[in-house]
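Chain letters run A, B, ... following the sequence lines, proteins first and then strands; every chain starts at 1.
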There are 2 protein chains.
Amino acid sequence: MATTTGAKKWVFLFPEGNAQMRDTLGGKGAGLSEMTNAGLPVPPGFTITTDACRAFYTEGRQFPPGMWQQVLDAMQVVEKETGKKFGDPANPLLVSVRSGAKFSMPGMMDTVLNLGLNAETLHGLIKLTGNDRFAYDAYRRFIQMFGKIVLDIEGSKFEKIFDSYKERVGAKYDTDLTADDLKKIEVEYKELVRRETGREFPEDPYEQLRLSIQAVFASWMNKRAMDYRNFHKIPHDLGTAVNIVTMVFGNMGTDSGTGVAFTRDPATGEDKLYGEYLVNAQGEDVVAGIRTPQKIATMGNEMPGLYKELEQIAEKLERHYRDAQDMEFTIERGKLYMLQTRSAKRTAQAAVKIAVDMVRQGLISKEEALQRVEPNQIYQLLLPRFDPAAKTRAEKEGRLVAKGLNASPGAAMGKAIFDADKAEELGNAGQAVILTRPETNPDDVHGMLVARGILTARGGATSHAAVVARGLGKPCVAGCEALKVDMERRQFTVDGVTVREGDEISIDGSTGEVFVGAIPTIEPNLAEEKDLSQLLEWANEVKRLGVWANADYPRDAQNAVNFGAEGIGLCRTEHMFFEEDRLPVVRQMILAASEATILEEQLARVQEEYDKASPDSRAAIDKRLAEARGKVEGSESVRRYREALNTLEQTQKSDFKGIFKVMAGRPVVIRLLDPPLHEFLPSYEELLVETTELRMQGKTKELAEKEPLLRAVATMREANPMLGLRGCRLGIMFPAIYEMQVRAILTAAGELEAEGVPVHPEIMIPLVGHINELNIVRDSTQKAAAAVTEKLGRTVSYKFGTMIEIPRAALTADQIAETAEFFSFGTNDLTQTVFGFSRDDAEGKFLLQYVERGILPENPFQVLDRGGVGKLLRMGVEAGRKTRPDLKVGICGEHGGEPSSVEFCHQAGLNYVSCSPFRVPIARLAAAQAALAQVERDR
Amino acid sequence: MATTTGAKKWVFLFPEGNAQMRDTLGGKGAGLSEMTNAGLPVPPGFTITTDACRAFYTEGRQFPPGMWQQVLDAMQVVEKETGKKFGDPANPLLVSVRSGAKFSMPGMMDTVLNLGLNAETLHGLIKLTGNDRFAYDAYRRFIQMFGKIVLDIEGSKFEKIFDSYKERVGAKYDTDLTADDLKKIEVEYKELVRRETGREFPEDPYEQLRLSIQAVFASWMNKRAMDYRNFHKIPHDLGTAVNIVTMVFGNMGTDSGTGVAFTRDPATGEDKLYGEYLVNAQGEDVVAGIRTPQKIATMGNEMPGLYKELEQIAEKLERHYRDAQDMEFTIERGKLYMLQTRSAKRTAQAAVKIAVDMVRQGLISKEEALQRVEPNQIYQLLLPRFDPAAKTRAEKEGRLVAKGLNASPGAAMGKAIFDADKAEELGNAGQAVILTRPETNPDDVHGMLVARGILTARGGATSHAAVVARGLGKPCVAGCEALKVDMERRQFTVDGVTVREGDEISIDGSTGEVFVGAIPTIEPNLAEEKDLSQLLEWANEVKRLGVWANADYPRDAQNAVNFGAEGIGLCRTEHMFFEEDRLPVVRQMILAASEATILEEQLARVQEEYDKASPDSRAAIDKRLAEARGKVEGSESVRRYREALNTLEQTQKSDFKGIFKVMAGRPVVIRLLDPPLHEFLPSYEELLVETTELRMQGKTKELAEKEPLLRAVATMREANPMLGLRGCRLGIMFPAIYEMQVRAILTAAGELEAEGVPVHPEIMIPLVGHINELNIVRDSTQKAAAAVTEKLGRTVSYKFGTMIEIPRAALTADQIAETAEFFSFGTNDLTQTVFGFSRDDAEGKFLLQYVERGILPENPFQVLDRGGVGKLLRMGVEAGRKTRPDLKVGICGEHGGEPSSVEFCHQAGLNYVSCSPFRVPIARLAAAQAALAQVERDR
């Protein structure tokens with residue numbers, strides 16, 4: 001369509017667009033255009049572009065120049081095609097006005113249907129359809145929708161009129177209302193509009209159209225749309241397109257209907273038509289989940305011809321788009337219309353199965369399959385499941401009380417909570433919550449975000465609850481109609497059981513089962529996920545990055561191997577220290593460390609002096625040497641220190657043996673002790689209160705016992721422990737601790753090697769900021785290694801490297817690589833120091849607000865900050881490799897399992913990422929996608 | 001001298017060397033060579049190089065190949081020149097063996113005199129001199145010195161023999177002893193040597209020589225030498241040269257003597273010969289301060305010819321070296337010998353005066369003068385002086401008890417402490433200490449390092465105490481013979497007063513006065529320091545860097561201007577908050593801030609929604625708007641918050657007015673509130689103890705009053721406050737506080753401008769890490785500025801900039817410079833984040849040890865770390881200027897007043913440094929030196 005004014009083209013008729021124009025036409029508009037051009041039955045219509053929406057905002061909420069004229073011109077074309085006329089009492093054209101952004105935001109923005117109805121066209125509609133009840137109902141719906149969305153009148157006010165009328169006339173269902181009833185409701189509705197807005201309901205269809213387009217534009221910036229975009233990281237400046245589509249009615253009788261269908265099952269990925277439809281209903285009845293629709297298979301029996309047509313269209317669309325589609329259709333008096341198609345949202349399981357199946361079916365390549373699955377989605381497949389034994393027990397105990405729709409997979413247990421606000425509050429406080437609602441709507445999203453799972457009594461697999469839950473990767477059981485939810489009493493009853501708010505329930509979104517009481521969950525098993533395993537094997541074929549795991553115990557290491565980890569990138573020895581039976585020994589070590597170290601260093605200094613002195617002058621030193629030795633040998637601190645170190649050496653040795661065995665020769669990077677020692681001691685504040693109490697009670701004996709500990713803890717307290725005496729600083733101030741750890745590592749390795757078990761230990765030094773620190777620890781490591789060699793009678797080979805987690809280390813990486821054989825970027829601490837954020841404080845006190853307000857695009861502790869941390873990381877890699885071209889570089893912060901960060905690590909030329917075991921599959925896929933993106937770029 | 005073996009040349013005869021060969025020959029050797037070649041009377045001798053010393057260490061404490069042969073060859077040349085023979089009983093050559101490193105380390109290493117004496121040569125010496133007492137005394141001294149230094153026998157053991165012999169024979173002075181006495185002492189000494197070493201005292205002169213050279217080499221690595229080098233930042237790998245010099249004797253009668261002379265007064269810089277000499281004495285008698293020598297002027301009367309010769313030599317040396325010299329000389333039977341010359345150590349005052357005088361005398365250029373003064377030395381001139389009134393009072397009260405030598409200027413008060421260990425202990429604990437000793441020796445240096453001042457009863461202006469104190473810039477009164485020091489009782493009596501250890505005393509090193517009790521000190525006045533003012537004017541002519549000051553109050557600003565500051569680079573507004581009368585208001589603000597901000601933001605959000613809404617839909621928002629407004633207006637928190645903010649705005653306004661007035665149009669950079677708010681609240685731990693006590697006492701009413709404060713403080717506590725809610729994060733979370741500050745600044749400026757006072761305010765935002773943070777604060781600053789404009793009816797111009805103190809800010813400086821008109825590097829925090837050091841924790845827990853152990857070359861909080869922090873700073877400057885070529889960049893950490901850091905700032909292209917007012921002169925000189933060094937490099 002040529003523009004009439006020479007102005008910018010704001011409006012595209014469906015035949016003028018195509019699937020590539022998502023940026024301009026939005027997803028829905030592009031899909032309608034594409035379908036129109038593919039010859040599918042789409043009602044005539046046109047799209048107002050996202051450019052127009054953006055212009056609307058920059059022009060102070062005014063239509064941009066020329067747009068309205070283009071809308072009028074397009075309406076004439078539609079009138080011509082349909083043979084109807086907008087506002088014509090004789091043969092009225094009715095249209096829907098629908099939002100449609102580039103990225104699907106289900107239910108987040110507004111739609112107005114049946115637009116073009118007024119007192120006059122209503123009668124035309126009655127005449128044309130011969131169905132006055134239908135026409136009055138359409139008009140009633142239009143006023144309600146327009147009143148709510150365009151005129152900003154609270155929806156509940158319309159509902160109240162409607163419900164109280166129903167009550168007055170004793171109607172149980174909406175369908176019990178007659179045309180006359182609906183006519184009376186219409187009068188009350190219009191009265192409501194007059195009262196609320198001070199004006200008459202607009203009768204002019206073009207005014208209706210103008211106001212509706214404005215309202216859709218405005219809905220882009222409503223709170224729930226903004227919340228949704230914030231959560232899904234969709235930019236706020238994209239704008240929405242507006243689609244004006246000729247109305248077709250699914251509620252014109254039993255030969256009419258409306259539905260939503262997926263070309264493949266979006267929950268399981270099974271390759272067959274999936275979806276729901278409702279006979280004699282309009283589209284919003286399905287989407288809103290108010291009536292529970294029928295499965296689409298039923299349509300095969302009830303309307304076999306149309307079902308066949310739908311199947312053919314589905315196949316055509318899949319071939320056309322080379323992806324599973326989510327279609328909206330309406331049947332008006334036996335004729336099928338396609339109202340929308342878009343790439344189908346799907347569960348992780350479905351995404352994986354569809355991608356793998358499509359490769360097998362020759363529809364897409366392996367590389368495409370790898371790009372079809374969001375790495376983060378995989379996480380859902382690795383969500384906990386019910387412990388089968390516990391579940392069987394629960395079933396035997398009769399605790400399986402209902403079964404709903406398996407709307408989003410995964411098992412969850414938590415307290416049943418009946419409103420989103422309370423769910424948010426408890427969820428933020430760290431409690432497990434199952435948001436339990438009659439149905440959900442967009443206002444509930446904030447509660448869904450923090451809930452462990454969602455349970456609704458009404459709504460189908462495409463209801464709001466189901467769609468949002470799948471998007472969030474949360475378990476959801478929807479449409480569980482057996483639940484009688486009593487919102488006033490905040491409880492539901494089912495199967496004779498009453499669950500009050502706060503009671504524990506368990507749901508399985510993969511099966512739809514609902515249990516009362518808690519059922520423990522277990523970890524999933526990758527080997528059983530055949531499709532996922534296949535996809536990840538393909539990922540291994542294309543990825544360049546190694547994927548390692550962070551694991552502190554043999555069981556973690558086993559998990560990591562099961563998930564495909566190629567090594568352990570971070571084994572935190574301090575986690576072993578925190579175990580209950582070891583903590584007393586660790587505390588003994590810490591409390592004796594200072595005094596013992598001072599005495600031992602004094603002795604070492606005199607000894608050194610003695611060794612260096614000429615034989616003549618040694619006599620003079622003899623006495624001091626004997627004195628210093630006497631002090632060491634007579635010291636209770638030294639005795640306790642050595643005793644504790646010996647005990648810990650033994651336990652650490654067996655820890656390491658367990659891990660080495662599991663890893664069977666794969667590299668294991670062990671980080672020496674990192675946290676400040678006071679972390680292992682009781683809290684200063686608690687001791688302060690305790691001693692104050694003892695003092696006030698005059699319990700002098702107990703006080704005298706407690707006070708030395710208080711003093712010791714007080715001495716070790718730090719103003720900013722994150723930047724204090726920890727990491728290699730500890731290893732330098734208390735060399736015996738690191739030497740003990742090195743001996744434990746190398747003895748474990750050596751003893752296993754002697755048994756023929758391959759081992760590959762790598763010793764990693766934390767918190768290095770200056771090459772001299774690393775060199776000192778290297779020297780004491782070599783000393784300890786030599787002791788092990790002597791004791792075992794065999795040399796254990798190991799690599800020696802460092803964390804890069806302090807900006808200075810990255811800035812001086814060229815020097816540090818002189819000594820370090822490998823780098824591992826500790827991006828958690830690096831993020832803290834590069835931003836000057838203490839994570840403990842920042843997230844609670846301002847960081848989440850920063851993200852919410854868009855001050856930071858992401859939480860940098862989740863997604864690696866490329867502009868700052870990433871820049872420094874790249875500098876460090878480059879400088880390190882300049883010194884040592886074969887320097888092995890990895891990352892072991894939480895970012896190692898986050899797809900965008902993994903992509904960055906690939907781009908920065910890292911050798912591997914290391915993440916928590918459950919994130920290994922995510923990282924493998926992300927690494928493959930990064931490699932594929934690289935190929936694209938290099939092309 | 002050609003080497004006989006073709007080996008490396010390890011030995012240089014004096015005529016073979018010159019002044020440029022300090023690296024190889026050490027300072028003393030190079031000086032002796034230079035003097036020899038200048039025709040001055042130097043006893044024949046040679047120098048063993050520092051290379052030989054280094055080789056000695058690398059070869060496992062062995063002489064390097066060929067060295068010993070070269071020594072023997074050189075001895076032959078000396079024998080030829082002197083006509084004497086080493087070990088010849090008839091005409092024995094005696095030599096001294098003296099250390100001599102590149103940098104002077106007075107008294108730190110060892111010297112052996114009279115070498116070549118044994119039973120046989122002793123008799124030759126008697127025959128030659130006809131003075132058996134002299135000869136026996138020389139032999140006795142040699143055995144004692146050799147025994148102590150070469151054979152490592154405790155010196156006190158020799159002294160004990162000597163003193164008890166004196167007692168036995170009733171000798172009061174050493175000179176009371178006869179040749180026979182000395183002969184008997186010799187026997188006892190040799191018996192001691194036999195006992196201690198199990199061997200006879202070595203008789204072979206060449207063995208004596210070999211062992212002595214070894215001992216001097218070894219003394220390079222003795223503890224006090226290493227301590228000295230650590231303190232003075234002299235590298236440990238330079239090594240020392242060894243000088244073998246023909247002995248000349250100042251103790252051959254009253255026509256002999258020895259002395260030390262300076263070409264100008266090293267304390268005041270006055271241009272006349274200064275020094276001391278002792279008739280009939282050997283050099284160590286002067287240096288060790290055992291006998292109190294006579295002023296050199298006396299020599300003009302006693303030996304007028306020799307004095308004249310010395311004056312001529314002094315002038316010649318000054319012209320030759322173009323600097324003031326420190327000369328050692330000996331007169332042997334009426335003949336003057338020069339034993340050493342070196343650049344004279346001098347006080348800051350002398351350094352400045354000498355440099356300025358030499359320019360006036362046409363000896364050196366202004367540029368050279370600027371390079372002659374160590375910037376850090378200037379600090380001494382700006383040391384506190386006694387408050388004249390308090391001093392007068394003290395004098396009237398009879399507290400002026402003695403007067404010694406004014407050995408090193410500056411006034412100090414502190415506890416009299418009698419040994420170095422205790423002084424070190426108390427000094428490190430932050431106590432003011434005056435180290436009070438009969439005399440000091442190199443073993444006392446560790447105590448001198450921490451003392452506020454040094455007081456000795458014996459020794460002259462060139463005694464150990466005096467020389468070291470001047471080097472350290474500490475006040476010193478030396479040779480205060482009126483003091484009767486009783487080391488056993490740890491007290492001294494003087495003028496009838498007994499001062500016990502720990503009693504307070506006050507000394508003035510500029511006048512030599514000693515007071516009992518404390519006398520408060522006051523700040524110096526630059527205007528009165530004419531020479532320094534002159535030098536600093538020259539500095540201003542050549543420096544490129546601006547020198548600004550950190551000042552928080554008008555009085556600081558006035559100081560800054562007096563010291564030549566060109567602006568204020570950092571005005572910390574929080575310091576104003578801490579004042580006693582304001583703290584309650586600040587606390588009121590803080591405790592109300594959270595709730596008030598939430599309510600106000602809620603209202604703002606509804607208001608915004610309302611403002612954006614179409615007129616149609618405003619009605620619906622009206623009610624919520626009224627509600628939100630009602631909440632704000634009814635809130636006690638809001639009321640208290642606003643009240644406190646208003647009060648603070650008024651007080652801050654008058655603070656700023658005071659500063660602007662003083663600065664009279666010079667730039668004033670005001671940093672908005674930076675520290676975490678909880679710093680202004682009572683301590684959590686104290687409140688915890690208090691409430692526990694109240695609880696235990698059952699004081700429920702008091703408890704109920706206290707608990708809300710405890711809870712508030714608990715909520716605001718942070719794990720790592722350094723990295724928490726502070727800086728611009730505060731300004732973003734509590735915008736009203738920053739807006740209040742901006743209004744106070746701009747109102748103050750505007751009101752002054754209206755009065756015709758020029759002002760130049762610059763608003764600086766702390767702790768920015770992301771450009772979005774800065775932009776948000778910029779917006780609210782503009783809003784506040786607009787309010788001021790409206791209120792005052794005039795626009796106040798200001799600059800808007802940011803601290804760069806977070807690594808991410810430096811890394812993204814290109815983006816930040818889009819908004820910031822200036823950068824100020826906060827190198828204190830930048831050092832903390834780049835190193836990952838919390839200064840509060842690090843310095844106490846490991847950092848000082850790091851510096852001591854050489855893990856870090858310097859404390860990076862004192863001297864800017866070029867490798868890490870500096871690298872990042874350079875990146876930030878470069879990136880910032882790329883975006884904004886005229887970006888003004890400064891530094892406002894403590895480094896701004898540290899010479900090496902100032903040099904770096906010059907090199908990095910900064911516009912200015914800002915430091916504490918008293919450091920402004922240092923920074924000016926350092927900036928000039930940096931500019932001159934630049935000119936050198938560019939040449």
Side-chain angles (χ1 to χ4, degrees), chain A residues 61 151-154 196-199 214 614 616-617 620 684-685 688-689 692-693 696-697 718-725 729 732-733 767 769-770 772-773 776 805-808 811-812 815 829 832-838 840-842 845-846 849-850 854-856 865 867-869 871-872, chain B residues 61 151-152 154 196-197 218 612-614 616-617 619-620 684-685 688-689 692-693 696-697 718-725 729 732-733 767 769-770 772-773 776 805-808 811-812 815 829 832-838 840-842 845-846 849-850 854-856 865 867-869 871-872:
Chain A
R61 303 201 166 212
L151 303 179
D152 224 355
I153 298 165
E154 267 181 49
E196 290 281 328
T197 67
R199 301 173 36 182
Q214 277 176 3
S614 60
D616 295 350
S617 47
Y684 176 72
E685 288 75 13
L688 200 59
V689 171
T692 305
E693 285 172 353
M696 300 298 288
Q697 292 165 341
E718 294 182 303
N720 300 286
M722 147 77 201
L723 306 177
L725 181 53
R729 301 162 194 174
I732 289 169
M733 299 303 286
L767 219 71
H770 194 290
N772 290 349
E773 294 179 304
I776 285 185
E805 53 187 339
I806 292 293
R808 200 179 185 286
L811 289 164
T812 60
Q815 294 165 30
D829 273 4
Q832 296 200 86
T833 46
V834 166
F835 274 89
F837 285 169
S838 160
D840 289 341
D841 303 307
K845 293 209 155 67
F846 60 86
Q849 275 217 42
Y850 265 35
I855 299 172
L856 292 178
D865 161 53
V869 177
K871 192 169 181 180
L872 199 55
Chain B
R61 303 201 166 209
L151 303 180
D152 226 354
E154 266 181 52
E196 291 280 327
T197 66
K612 278 193 187 160
S614 61
D616 295 353
S617 47
Y684 176 73
E685 288 76 12
L688 200 59
V689 170
T692 306
E693 285 171 353
M696 300 297 289
Q697 292 165 339
E718 292 181 305
N720 300 287
M722 148 77 201
L723 306 177
L725 181 53
R729 301 164 194 171
I732 290 169
M733 300 304 286
L767 219 70
H770 195 289
N772 290 350
E773 293 178 306
I776 285 183
E805 52 188 337
I806 292 292
R808 199 179 186 287
L811 289 164
T812 60
Q815 294 165 30
D829 273 4
Q832 297 200 83
T833 46
V834 166
F835 274 89
F837 284 169
S838 161
D840 289 341
D841 303 307
K845 293 209 157 68
F846 60 87
Q849 275 218 42
Y850 265 34
I855 299 173
L856 292 178
D865 160 54
V869 177
K871 191 168 182 182
L872 199 56

TODO: Let me know if B/D829 has heavy atoms under 4.5 Å from chain A in its side chain, its backbone, both or neither.
DONE: neither

Task: Approximate separation, where rounding is to 0.5 Å, of A/M696 CE and B/E693 CD - done: 5.0 Å

Open item on the list: Looking at every heavy atom in both A/K845 and B/M733, which two are closest together, and how far apart are they?
Closed with: O-CE, 3.4 Å

- [ ] Could you list the residues that satisfy side-chain contact (heavy atoms from CB on, under 4.5 Å) with A/I776, not counting sequence neighbours?
- [x] A/I732, B/R853, B/I855

- [ ] Select one option (side chain, backbone, both, neither) describing which atoms of B/Q849 are under 4.5 Å from chain A's heavy atoms.
- [x] side chain

TODO: Please answer whether the main-chain N or O of A/L811 pairs with a side-chain N or O of B/K871 as donor and acceptor at a distance below 3.5 Å.
DONE: yes

Task: All side-chain contact (heavy atoms from CB on, under 4.5 Å) counterparts of B/E685, not counting sequence neighbours - done: A/Y684, A/E685, A/L688, A/R717, B/S683, B/R717

Open item on the list: Please report the interatomic distance CZ(A/F835) to CG(B/L767), rounded to the nearest 0.5 Å.
Closed with: 12.0 Å

- [ ] Kindly give the heavy-atom pair with the smallest separation between B/A719 and A/P721, and that separation in Å.
- [x] O-CD, 3.3 Å

Open item on the list: For the interface with chain A, which of B/H770, B/Q815, B/R729 has the highest count of heavy-atom pairs at distances below 4.5 Å?
Closed with: B/R729

Task: Most chain A-contacting option - heavy-atom pairs closer than 4.5 Å, from B/L856, B/V834, B/T692 - done: B/V834

Open item on the list: Between B/D841 (side chain only) and A/N720 (backbone N and O only), is there a donor and an acceptor less than 3.5 Å apart?
Closed with: yes

